Q: 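Have a look at the structure that comes next, please.
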Amino acid sequence: MPYPTDIPQVCERIRRDVAERVGQLTGLDVGEVTLTIRRLVATAARRGRVL
C-alpha cells in the first residue's frame, strides 16, 4: 500500500471482500472475518541526486 494509507479503511475493504468471496464459493453467510496485521514494513528510501 502506498503511504499514506488509511489502514482501517483498507482492512475493512479486505474483510468485506473476503466475506463476499467465501460466501460466493460456499453458499454460506459469513458473519465475521478477523484480519490480523502482524507487521508494517517501511520501504527503504530511494537514493538519488537532489538538484
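All figures in this text were calculated on a predicted structure; none of them were measured in a lab.
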Q: Can you tell me how far apart CD (Glu12) and CD1 (Ile7) are? Round to the nearest 0.5 Å.
A: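 Answer for the CD-CD1 pair, Glu12 versus Ile7, is 14.5 Å.
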
Q: Got a second to check how far Arg39's CZ is from Ile37's CD1, nearest 0.5 Å?
A: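 The distance works out to 12.0 Å.
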
Q: Test your reading of the model: is there a side-chain donor-acceptor pair from Thr26 to the backbone of Leu28, 3.5 Å cut-off?
A: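 Confirmed, Thr26 side chain pairs with Leu28 backbone.
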
Q: How close do Val30 and Ala19 get, heavy atom to heavy atom, and via which atoms?
A: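 Distance-wise, the nearest heavy atoms are CG2-O, 3.6 Å.
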
Q: With hydrophobic residues grouped by side-chain heavy-atom distances under 4.5 Å, do Val22 and Leu35 end up in a single group?
A: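 As far as the 4.5 Å side-chain criterion goes, Leu35 and Val22 are connected within one cluster.
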
Q: Around Asp29, counting heavy atoms of other residues, nucleotides and ligands shown, do more than 12 lie under 6.0 Å from its CG?
A: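 Check fails, neighbour count at 12 or below.
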
Q: Would Leu25 end up clustered with Val33 when hydrophobic side chains under 4.5 Å apart are linked, directly or stepwise?
A: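 Cluster IDs for Leu25 and Val33 differ.
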
Q: In the structure I gave you, are the side-chain heavy atoms of Ile14 and Val10 within less than 4.5 Å of one another anywhere?
A: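 Ile14 vs Val10: side chains touch.
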
